[in-house]
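Just so you know, residue 1 is the first one in the sequence shown, and it goes up from there.
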Amino acid sequence: MAAPEDPRRRRVGLLYDERMCRHATPDGEIHPENPDRIRAIWQKLESEGIPQRCIVLSAKEAEDKYIASVHTQRHVKLIKNISSKKFNSRRLRIASNFNSIYFNKGSSEAASLAAGSLIEVSEKVAKGDLDSAIAIVRPPGHHAEPDEAMGFCLFNNVAIAANFLLNERPELGIRKMLIVDWDVHHGNGTQNMFYKDPRVLFFSVHRSACVTTTRNLVESVPPDTGWFAPAAYRTSFRYFRRKFDFGSFYPARDDGSYCMIGEGPGAGYNINVPWEQGQCGDADYMAVWDHVLLPVAESYNPDIIMISAGFDAAVDDPLGGCCITPYGYSLMLKKLMGFAQGKIVMALEGGYNLKSIANSVLACAKVLLEEKPLVGSIEAQPLESTWRVIQEVCHELKTFWPALSVELPQKLLVSCRRPCSIELNLSSSSESTVENDEGASTTLCATNFVDIIEPLSKLNIDEDNHWKAVAPDHIPTKQSSVVLSEECPNAQALMPDKNVDGCTPWRSVLSETEVWYGSYGSNMWNPEFLCYIKGGKVRCLSYGQVEGMNEPCPGSRDKSSPKDVIWKTVPHRLFFARSLTCRWGKGGVAFLHPESNKNDKAYMCMYRITLEQFNDVLLQENSLHQENGRSQGAGTPLLVLSDIGVAAENKSLPLEALKAGCYSNILYLGEEDNLPILTMTCSCSEIDQFRSGELPVSGPSNGYMNTLVRGLVEGKQITREEAIAYINDAATREL
């Protein structure tokens with residue numbers, strides 16, 4: 001006779017279905033949100049014997065009517081049918097209309113299974129058949145809006161299950177629900193679906209893309225003052241502009257601000273904790289749990305807790321840039337088990353390091369099973385910015401939750417904190433960072449943070465602060481001496497001024513002269529070009545694949561944005577050459593034929609910048625800020641005023657100092673508003689080498705091509721179809 005079941009043993013549901021692995025990129029391209037994510041989790045749990053100690057459930061597809069409770073009928077119909085044969089020829093094009101989405105023949109089934117799985121486990125936990133549950137599902141859901149798939153998410157799984165319990169099963173007694181979204185990206189979709197509903201307390205802690213504060217501050221500046229506003233306004237504006245990752249962290253919208261607290265009857269039931277930066281770890285999350293989430297949860301007293309459990313804030317995640325350990329996640333979960341009688345449903349969201357995501361889910365499973373006490377400790381202190389964020393959140397919500405009115409102990413604010421220390425590892429991200437024929441790279445290693453957009457322009461370096469980030473209003477002046485650290489050999493753009501001919505600092509002189517820099521390659525896309533000015537790297541998704549810079553640009557010493565951006569066409573031939581670059585992999589990059597031809601036409605995005613900035617861009621495009629792994633800096637300028645005169649007279653100017661680079665030839669393309677138009681390309685002798693086969697000629701990679709298309713389309717020059725045809729023609733015509 002079988003032994004009776006231990007009544008003290010917690011009944012934990014566990015759901016995994018291999019069918020959800022059928023959702024994958026259409027052509028097998030590498031992508032962070034891939035089937036191996038859930039396979040790695042399941043294999044780890046099996047190796048630890050977790051399924052044998054849980055109640056394993058089968059996945060079920062969600063009924064359309066339940067999905068339509070939070071999504072529009074049009075959206076439901078699209079996702080349900082996108083994998084059918086009638087969409088075979090249109091699937092790729094439809095995916096390109098969404099933000100960070102791909103589709104294939106398995107997408108419809110996987111999306112329906114993910115949503116249905118959440119309904120299944122949530123209903124069993126609400127009924128009491130299970131104490132808690134983990135749904136290992138994909139595609140994730142928390143970014144999906146009522147009428148839009150985005151951010152790898154097709155259906156909003158947690159929102160569908162939450163609405164099911166609240167509106168379809170009222171007899172289960174779920175009147176108040178707490179949704180905790182600890183994914184590193186803001187759960188915009190879930191927030192918007194319950195923004196006016198007091199039955200759902202939505203809590204999201206995330207790296208922020210908040211621009212609301214900046215916008216509100218601009219609106220508060222007295223009219224007609226512009227940048228001549230009082231210093232207090234300007235200083236505050238710069239401060240808030242530095243905050244929140246410069247409004248660039250995905251999904252790069254302002255609804256993740258702590259000011260977004262709900263609306264109407266839902267006012268006060270939406271809580272956002274937006275990190276000002278990366279590097280947040282166990283101590284930072286524990287501080288937010290103890291001082292924000294837990295006091296509110298105790299007051300709210302939810303009937304059930306649903307967790308949008310993204311693990312992309314984990315150590316070593318390639319997209320998150322934070323550092324929560326498996327022990328940290330287990331402690332976050334353990335603290336929530338004191339509410340709702342432990343009725344917790346965990347739904348997988350993000351998380352893209354297979355080892356980290358597997359170990360973190362395992363740690364959470366052990367917590368829900370309550371088989372062993374937690375082992376571990378948190379020795380680090382929260383970041384200084386963490387306490388600022390906590391104070392701001394509490395101030396915004398204390399009228400709704402009196403528990404947040406308690407002032408943080410001064411001891412915490414003064415003693416128990418760690419400053420924001422930034423490790424710099426800057427290297428070129430120019431398309432001219434070319435590998436040789438043997439595959440040896442001339443660049444240094446990239447940083448570990450591979451964000452969709454990861455700007456470095458917030459890193460203003462002050463030698464007196466030992467290489468720590470400082471507010472923009474404390475940037476050293478042009479006369480300040482900035483010393484390079486041994487730990488940061490590549491920060492060329494931060495080198496001090498050097499004298500020209502032993503007298504005037506060249507940067508000071510060239511900063512007074514403006515030119516037009518004409519880009520015909522990937523820098524036609526404005527976000528990429530800004531990396532050459534402000535520093536950093538830009539990553540985007542196209543057809544479901546992460547594309548863009550693998551390494552950050554050092555940026556210019558002068559990080560001012562271009563004063564103007566215009567477009568024009570020039571009578572020069574666009575072509576693609578070289579065969580391998582560190583940034584784009586296999587494939588050619590763009591060049592402009594040095595000689596004009598009235599029968600040729602190339603599109604050019606022109607940026608009005610200073611000659612100093614042009615020199616810094618030129619330096620980065622040719623990778624000359626590196627030599628033997630060391631920063632070389634610009635001791636003297638590459639191009640001065642007298643050189644422009646020579647270029648104007650001869651229409652081009654080969655620069656001897658750049659002969660080892662790809663873009664060693666300066667082209668003079670006339671004037672616009674009495675300012676010279678300059679660009680950079682190969683030399684005439686290299687044209688002969690391309691023709692003879694001595695140097696390779698090859699078409700662009702898909703990623704590089706997509707960046708060019710994006711620049712042309714977003715620049716409103718031509719349609720997407722015309723842009724593709726334009727690039728294909730340039731890539732296939734013989735020189």
Side-chain angles (χ1 to χ4, degrees), residues 2 5 9-24 33-70 76 79-80 83 104-141 144 153-165 168-169 172 174 304-309 342-349 351 357-358 361-362 364-366 368-369:
E5 183 177 339
R9 183 172 177 175
R10 286 184 61 83
R11 297 161 298 171
V12 179
L14 187 61
L15 192 148
Y16 169 83
D17 195 308
E18 185 71 17
R19 289 178 292 172
M20 284 181 273
C21 294
R22 296 174 185 170
H23 172 63
E33 205 296 286
N34 62 72
D36 287 341
R37 296 175 61 240
I38 60 174
R39 288 183 180 131
I41 294 171
W42 187 249
Q43 291 168 6
K44 184 68 175 180
L45 297 182
E46 282 190 316
S47 71
E48 296 282 337
I50 296 297
Q52 289 77 15
R53 308 202 292 275
C54 294
I55 300 172
V56 179
L57 304 171
S58 300
K60 296 181 181 179
E61 290 195 45
E63 295 182 38
D64 289 2
K65 65 179 181 179
Y66 299 140
I67 302 175
S69 66
V70 299
V76 175
I79 302 303
K80 281 281 192 172
S83 298
N104 75 335
K105 294 180 180 180
S107 299
S108 295
E109 181 184 34
S112 185
L113 285 169
S117 297
L118 257 294
I119 292 175
E120 176 75 5
V121 298
S122 299
E123 184 175 24
K124 289 186 178 298
V125 172
K127 281 182 177 179
D129 295 342
L130 297 172
D131 295 310
S132 57
I134 303 175
I136 307 170
V137 298
R138 64 176 294 272
C153 303
L154 305 187
F155 289 142
N156 196 311
N157 309 317
V158 167
I160 291 168
N163 189 81
F164 176 84
L165 294 182
E168 301 294 335
R169 293 291 184 270
L172 298 180
I174 303 300
I304 194 170
I305 299 174
M306 300 191 72
I307 301 177
S308 275
K343 291 184 176 183
I344 293 178
V345 176
M346 292 184 62
L348 182 66
E349 298 285 0
I357 193 173
V361 174
L362 172 63
C364 290
K366 290 181 176 179
L368 294 179
L369 287 166

Does R10 reach the side chain of S132, with side-chain heavy atoms less than 4.5 Å apart? yes
Do you know the tightest heavy-atom contact between V137 and I38? O-CG2, 4.1 Å
Hey, could you give me the CZ/CD distance between R138 and E33, rounded to the nearest 0.5 Å? 4.0 Å
Listing, residues 56-65 side-chain donor-acceptor contacts under 3.5 Å, not counting sequence neighbours, or none:
residue, atom, partner, partner atom, Å
E61, OE1, S112, OG, 3.1
D64, OD1, K80, NZ, 3.1

So how far is it from I307 CD1 to E349 CD, rounded to the nearest 0.5 Å? 11.5 Å
Could you give the distance from CE (M20) to CG (L15), rounded to the nearest 0.5 Å? 5.5 Å
d(M346 CE, I305 CD1) to nearest 0.5 Å is 11.5 Å
Is there side-chain contact between V12 and I50, with heavy atoms separated by less than 4.5 Å? no
What is the minimum heavy-atom distance between V158 and A347, and which atoms define it? CG2-CB, 3.7 Å
Are the side chains of I357 and I41 in contact, using a 4.5 Å heavy-atom criterion? yes
Closest contact, heavy atoms only, P35 versus C21: CG-O, 3.2 Å
Checking V361 against K44 for the side chain to side chain contact (heavy atoms under 4.5 Å, CB included) test, could you report, in this order, the C-alpha distance in whole Å, the side-chain angles of both residues, the deciding distance, and whether it holds? CA-CA 9 Å; V361 174; K44 184 68 175 180; over 6 Å; no
So which heavy atom on A114 is nearest to which on P139, and how close? CB-O, 3.9 Å
Anything under 30° is parallel, anything over 60° is perpendicular, the rest tilted; go ahead and classify Y16 against W42. parallel
Between A159 and N156 the two heavy atoms that sit nearest each other are N-OD1, 3.1 Å
Spacing of CZ belonging to R22 relative to CD belonging to E109, to within rounding of 0.5 Å: 5.0 Å
With a 3.5 Å cut-off and sequence neighbours excluded, list the donor-acceptor pairs that the side chains of residues 119-129 form with protein atoms.
residue, atom, partner, partner atom, Å
S122, OG, L118, O, 2.6
E123, OE2, R169, NE, 3.0

Flag the pair I136 / L45 as yes when at least one side-chain heavy-atom distance between them is below 4.5 Å, and no otherwise. yes
Determine yes or no for a side-chain-to-main-chain donor-acceptor pair under 3.5 angstrom, with N163 supplying the side chain and Y66 the backbone. no
Hey, what do you get for SG (C54) to CZ (R11), rounding to the nearest 0.5 Å? 13.0 Å
I'd like to know if the side chain of D36 and the backbone of R39 have a donor-acceptor N/O pair within less than 3.5 Å. no
Give me the atom names and distance for the closest heavy-atom approach of R37 to G351. NE-O, 2.7 Å
Any side-chain heavy-atom pair from S117 and D17 closer than 4.5 angstrom? no
